[in-house]
Every structure is written in C-alpha cells, then in structure tokens.
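Everything on this sheet refers to the single structure shown next.
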Amino acid sequence: MAIIQIKGVAKQYGKVHALHSIDMTIADQEFMVLLGASGCGKTTLLRIVAGLETATTGEVWIGEKRVDKLAPKDRGIAMVFQNYAVFPHLTVYENIAFGLRMAKMEQKEVDRRVERTATLMHIEGLLKRYSGQLSGGQRQRVAVARALATEPQVLLMDEPLSNLDALLRMEMRAELKTVLAESNTTTIYVTHDQVEAMSMADRIAIMNGGKIVQASSAVEVYRNPAAHFVGSFIGNPPMNFLTADNSGDGFWQVAGVRVKGPDTSQKSIQFAIRPEDIVVHGKSGDGSTASEGAFTAGVRILEPLGSHLLASCKVDDQLFRVVLNSDAEVQPGDTLQWSPQADRVRWFDPETELALSTV
Amino acid sequence: MYPRSLPYLLLLPSTLFLCVFFLYPFGLVAWQAFVTDTGQFTSEFFVEMKSHWKFNTAFTNTILLALAVVPFQVCLALYMATLVNGMKRGRDLILYIWTIPLGISDLAAGIIWLAIFEQTGFLNSMMQGMGFIDQPVSLLSYQNTGMIFLAILLAEVWRATAIVLVILVAGMGLIPKEYYEAAEVFGAGRWKRFTKITLPMLKPSLQTAMILRVIMAFEVFAVVVALGGTNLPVLMGEIYTWQFDLQDANVAAAYALVILLISISCTLLIMWGLRTPKEARV
Ligand SMILES: Nc1ncnc2c1ncn2[C@@H]1O[C@H](COP(=O)(O)OP(=O)(O)OP(=O)(O)O)[C@@H](O)[C@H]1O
Ligand SMILES: [Mg+2]
C-alpha cells in the first residue's frame, strides 16, 4: 500500500517561490501525471517527494508513514532523473543492477530482473557498454530500467521519455503503462508532453506557476477545465475564448450574439469553446440560410493537417480557431457561420480565472 | 588548416627544457654510476653500495616509511576532503588552514617536530607536568628507532598530507551531485556512496596524488635528519653522506639510480592499479 499524500508543501529558493502550498493525494497504484510548462515546479515537487529537496513547509506521507524527515533510501522509492544520472563508471548491466545490489539481492534474481527490464526497454544488447558509449535516448532508457528493476512501491519519473523519437516513445509509453499496471506501483510521472500525459494518466495534475490548477482524469481535464489556464494549455489547438458582456437575466452578449450563460452579476466574463465543438452552417452569402443567432467568423489562415483542416479566424476581433473537415471548401477571406455545441460551452471568470458553473 | 609540423613546433620549447634540465643531468648521473674516471664500464659502484652495511637498513627504512606514510596520508586526506566537501560555508577557510604546513620547508617542519619530541621539548614538559614521568626522557635516542620512526611519520603526515588533500578536494568537486542523488535514491547510505561513487570516480585524482606523494616519500631527507640525525638511515641521507662526507660521487650516483628505479616502479604500479577503462571515463 502506497498512498502518497502531499500536504501543504511549499518550496522557496531565496526569493523565488518554486511551489505554493501543494495539496495532493495519489491513490495506491495510481498513475499520476504532473503536466505543466517548463519551470512550473514539476521537478521540484518530485524531488521533494523523493527527499532530495526539503520543502520549506508542508508534509509528505507515503502509505501510513510521514516521510519528509526520512532519507531518500528509507522512502521505498525509485526515480528516473530528468538528466538521467546514469553512472559513467559502471556498465549498463551494473547501472540497472545498482538498486538491487544495494538491497543485497541474490545474483540469480539480479540477473533475472536486469534481463527483464533491459528487454522491456529494448537495451538488452547494450548491457556490457558504459554510459559514455550510449546515445542520449539509450542512456535515458537505462535510467528507466534502473528504476523499474527495483520494483518500488513508489516510482517517480521525471520526463523519462523526453529524448526518444516519436515512434519509440509511443512504443515505450504503451510498454511502461502495461508493466506498471501489472505491478502494484504508485507512480508520479512528470512530462510536458500533453499527449503523453493524456494517454498514460489515471489522473493528470496540471501545474502552473508552482500551483496545481486541476487534478482529474484526462477527459475531465479536457472537457471541463477548472481554470482558464487549463483550457488554454490542454488541447492542440487550445480552447477558444471570447469576451462575454452581461445583458441581464443570465444572458450574455458574445460577439454580437445573445447566449444563455451563468447567472452572475459580473459585467464581463469569458465564453469558451473547443475548436472541434463548433458546428459550421456555411459561408455568408453562399445562399444557405443562416440559422437564427449564428456567429460569424472571418477566416484568416488555413492549415490543412490531413485528418482535419484548421482555420484560424477572427471573431469580433479576437483570435478564434475552428476545426473543419479536411475537404471543406473554404478560402481565406470567407466568413463562416457557426454555432457552438450547446453542452460544450464553458464560462470563465476573468478575475479569478476559474470556471463558472451554469446552473 | 595549420601545417602538420605545428604541434611538434609547439612542443619544442618544453622538450628542450626537459632535455637540458632533466635528461642531460640524468645522463650524467647514470654515467657516473656506471663509468669509472678512466672511462671504463663497471658495476663496482653498485657492488660497493650494496656491500656497505647501511644500504639494506636505509633501503628498508625508506620503503617502510613510504608504506606507512602514504596510505595513512591518502586515507586521512580522503576523510578530510569528504569533510571539506560536505561543508556549506567556511570551506575555503578550513582549506587554507589545513594547507598551511605546505608553505613550511621540510627542514623547518622537522625542527618543529623536534621541538616537540626532544628531551627538553613540549611533549616531555607536558608529560612531566601531568605527572606521567619524573624527569625528562630521551625519546629520540639511537636505542629508540621505533620512536624516531613514529616521530618522522607524524612530521611527514603533518607536513605533506595537505598536498594530497588539495588534489582530492579538487577531484571530488568535479563529481556531479546528481550521481550521489541517484545512488541515494537507490538505497546507498553514506559509506556505500563513498565506495561506489566517490572512490571510483576519484581514481584519476587519487592516481595523481599517490604518484606525487610516493615519489616525495622516497626522497624523504630533511625531516629524517632533523629528527633522527643518522640514527635512522634512509636512501636520500646515504646519497648525501656518500657525496659530501665520503666524497664518492659515483656511489652517490648509484644510490640516486636506485631511488629513481623504485620511484618509476611504484609510479607504474599505481598507474596500473588505479587505471580506468577508456570507455568508463567521465
Ligand atoms: N536550486 C534552485 N535555486 C533557485 N531556483 C530554483 C532552483 N531549482 C529550481 N528553481 C526554480 O524553481 C522553479 C521550478 O523549477 P523546476 O525545476 O521544478 O521546473 P520544472 O517544472 O521541472 O521545469 P522543466 O519542465 O523545465 O524541467 C523554476 O523557476 C526554477 O528556476
Ligand atoms: Mg523538470
């Protein structure tokens, strides 16, 4: 059993606030992904859980034990470092076996585990080499194998696949997920690749500026962003935001169209919709009758992406992206008539940047 | 592109320097050790050296001293370097203080320790003052070579550990912190981190430090003279005796070659013992 509880953890480096009071519980055997832009504090948080960094305030619990005063080796963890830290004076075999040797495991078991994890990471042919004779991606896989070999209670991985090519990364992603699902390891996995995050995570914790903004399943994070930042960070292309002005009784004026929204007294809030949740009725002036209350969008740039056509438009002078069928007949300069899928519209408070509920 | 001869051209000054100031004198010494004044090759000087009653004692003493001093110094320096490297502040200050003895000549160091160990020295007054002895005893007498040996050992350790320390501190500073962190995460305690990370990654520095120290140890002279006079003969002392007291430069040269030989053998041994496979270098 290894529930990880992070209670009020904050970290300051001199005047820099790397983490602001983080609270998070990671369930036993859960695969938690920390996702966020560069410099938002992912590594710092991971290193605090590992015990390589001391939190300025707050507690870390693993299982039933408070661990923030314990040495890393007493926490029952293994870690993949962002900079690999593969020992240069040891062979790949001895690198992978390092944790097992420290645990004084029998040679036969060491052999078995090294063999198994090396095969899993596709480095079984490199066991006799030294780290200086490996490519960056191979070295990174040695680091992952070294962590997996110890079969830890808690596995901390800091961008473990960042240096692999797209194909290998996809393969490793699947294999990692399979092994970890079979083991009873609780995992914290850091990445800034959102596809990786969405595909692997039980839950994604999205970090911004040293805070956790939202921690939910991939679908939830995608569909119901808890904050403006999440909507603008997740999804490629990200969510569209338009300014909405209060016109009373829970109705809002969005780009000249009256829309039913949350019933608050604020003067102006934000209307948000994902580019693929838009229904396009047609172009202005092509004869098709625009439905009542439709929005218009002036097409500026078209990006044919194969599976779909991405149109960057202007709506009420604000940037607005629409995902179209790849065979849609649209030219730059056209004006599209569109309306949002009603159940996919989200609203955000521009001051708190948090989502507003529409009840 | 530069001409192919450029590297050799750049090496020329230092090669010339080495030839004039090292190889040439070395040739002269070797010549003196093997060739008589009349110009005949001979091994008589080596025979004379070997048959003198002091040779074996001097040889044994020198080797024993080196064997006692160098490992002790290396261990001590390793420990001190670990302490220094673990310090968050005051590191430089401690390092300066510990390296003060380096600035003192070896004869002066010998005299300092003589002031401690001689019959009217600090150690005697202290022991007398604390009531361990009734009257001053002669600690460094010729009946007491063990004590002389110990005093020399202490003086040498005090005087020359710092040079090993400086090399090791620099070497340890070059080991990236991340390797210690990785070792720690994977279950290595303090001692394991030292043996599994520090020692192997410090090999190049250890090599340098030990070669330097071993060569210095075989040339030990002034400290021995100050503390033991002629009661504890060493090879370097014998060179002095033959050259200046007995006025026999040929036998002195033979001695010099003996020191050179053991220095070279030890250097090779250390280089081999502490080698790092090429591919395992950082
Ligand atoms: N030792 C340190 N001293 C001062 N500031 C630090 C230190 N370590 C990290 N920081 C700062 O803390 C913040 C968080 O750093 P962290 O390494 O956790 O980012 P990250 O989310 O892992 O980024 P990346 O995706 O680039 O790895 C950064 O602004 C960084 O500059
Ligand atoms: Mg990082």
Side-chain angles (χ1 to χ4, degrees), chain A residues 43 46-47 49-53 70-105 126 128-134 139 142-158, chain B residues 74 78 81-83 85-91 167-211 270-282:
Chain A
T43 299
L46 211 63
R47 287 171 58 86
V49 175
L52 297 170
E53 210 82 65
L70 295 183
K73 71 184 175 73
D74 302 323
R75 298 188 180 198
I77 54 164
M79 184 163 174
V80 181
F81 290 82
Q82 188 167 10
N83 47 11
Y84 323 145
V86 170
F87 305 119
H89 60 288
L90 298 178
T91 58
V92 168
Y93 181 99
E94 285 303 327
N95 261 289
I96 300 177
F98 191 87
L100 313 178
R101 298 253 190 255
M102 289 301 127
K104 300 206 163 51
M105 202 165 277
L126 309 173
K128 288 200 182 65
R129 295 219 200 153
Y130 286 93
S131 136
Q133 301 167 298
L134 301 179
R139 216 171 290 159
V142 174
V144 176
R146 178 175 64 182
L148 289 178
T150 61
E151 296 179 6
Q153 287 273 296
V154 172
L155 179 57
L156 308 173
M157 296 199 264
D158 201 345
Chain B
V74 169
L78 271 173
T82 316
L83 287 186
N85 260 352
M87 287 174 66
K88 292 217 166 50
R89 67 182 75 161
R91 204 188 113 112
I167 296 173
L168 294 187
V169 165
M172 274 188 198
L174 289 180
I175 303 176
K177 207 176 77 198
E178 64 202 60
Y179 296 127
Y180 289 107
E181 291 182 342
E184 208 177 348
V185 162
F186 287 102
R190 237 167 215 284
W191 177 248
K192 282 281 177 204
R193 290 203 295 273
F194 180 72
T195 57
K196 296 280 176 194
I197 308 293
T198 310
L199 280 186
M201 298 192 81
L202 203 58
K203 266 191 201 167
S205 307
L206 272 174
Q207 216 177 38
T208 314
M210 281 179 73
I211 290 172
I270 292 169
M271 279 170 72
W272 177 80
L274 291 176
R275 74 196 179 286
T276 322
K278 197 166 97 221
E279 53 281 3
R281 279 177 210 152
V282 192

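Just so it is clear: chains get the letters A, B, ... in the order the sequence lines come, proteins before strands, and each one is counted from 1.
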Legend entry - Whether B:Tyr179 and A:Phe87 hold their rings parallel, tilted or perpendicular, with breakpoints at 30° and 60°: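 Ring orientation, 0 to 90° scale: tilted.
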Inset, instruction - Could you go through the side-chain contact (heavy atoms from CB on, under 4.5 Å) check for B:Ile197 and A:His89 one step at a time? - result: CA-CA 8 Å; B:Ile197 308 293; A:His89 60 288; 4.1 Å; yes
Between [atom1] on residue [X] and [atom2] on residue [Y], distance to nearest 0.5 Å:
| X | Y | atom1 | atom2 | value |
| --- | --- | --- | --- | --- |
| A:Met79 | B:Glu184 | CE | CD | 11.5 Å |
| A:Phe81 | B:Glu181 | CZ | CD | 5.5 Å |
| B:Tyr180 | A:Leu52 | OH | CG | 14.5 Å |

Inset, instruction - Only counting residues at least two apart or in another chain, list the ones meeting side chain to side chain donor-acceptor pair (under 3.5 Å) with B:Ser205. - result: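 Counting only residues at least two positions away or on another chain, B:Ser205 forms no side chain to side chain donor-acceptor pair (under 3.5 Å).
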Legend entry - Residue selection (most heavy-atom pairs with chain B, distance under 4.5 Å) from A:Arg129, A:Lys73, A:Arg75: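 Top option by heavy-atom pairs under 4.5 Å: A:Lys73.
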Legend entry - For chain A, the option from B:Pro200, B:Ala182, B:Pro277, B:Gly189 that forms the most heavy-atom pairs under 4.5 Å: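 Sorted descending by pairs with chain A, the first entry is B:Ala182.
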Inset, instruction - Sort B:Lys196 into side chain, backbone, both or neither according to what part of it lies under 4.5 angstrom from a heavy atom of chain A. - result: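 Contact with chain A: backbone and side chain both.
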Using non-hydrogen atoms and a 4.5 Å limit, figure out which bit of [X] sits close to chain B: side chain, backbone, both or neither.
| X | answer |
| --- | --- |
| A:Ala78 | both |
| A:Arg146 | both |
| A:Ala143 | neither |

Legend entry - More than 12 heavy atoms from other groups under 6.0 Å of CZ on B:Arg275: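 Check passes, neighbour count above 12.
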Inset, instruction - Please check if atom CE in B:Met271 has more than 12 non-hydrogen atoms from other residues, nucleotides or ligands closer than 6.0 Å. - result: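 Open.
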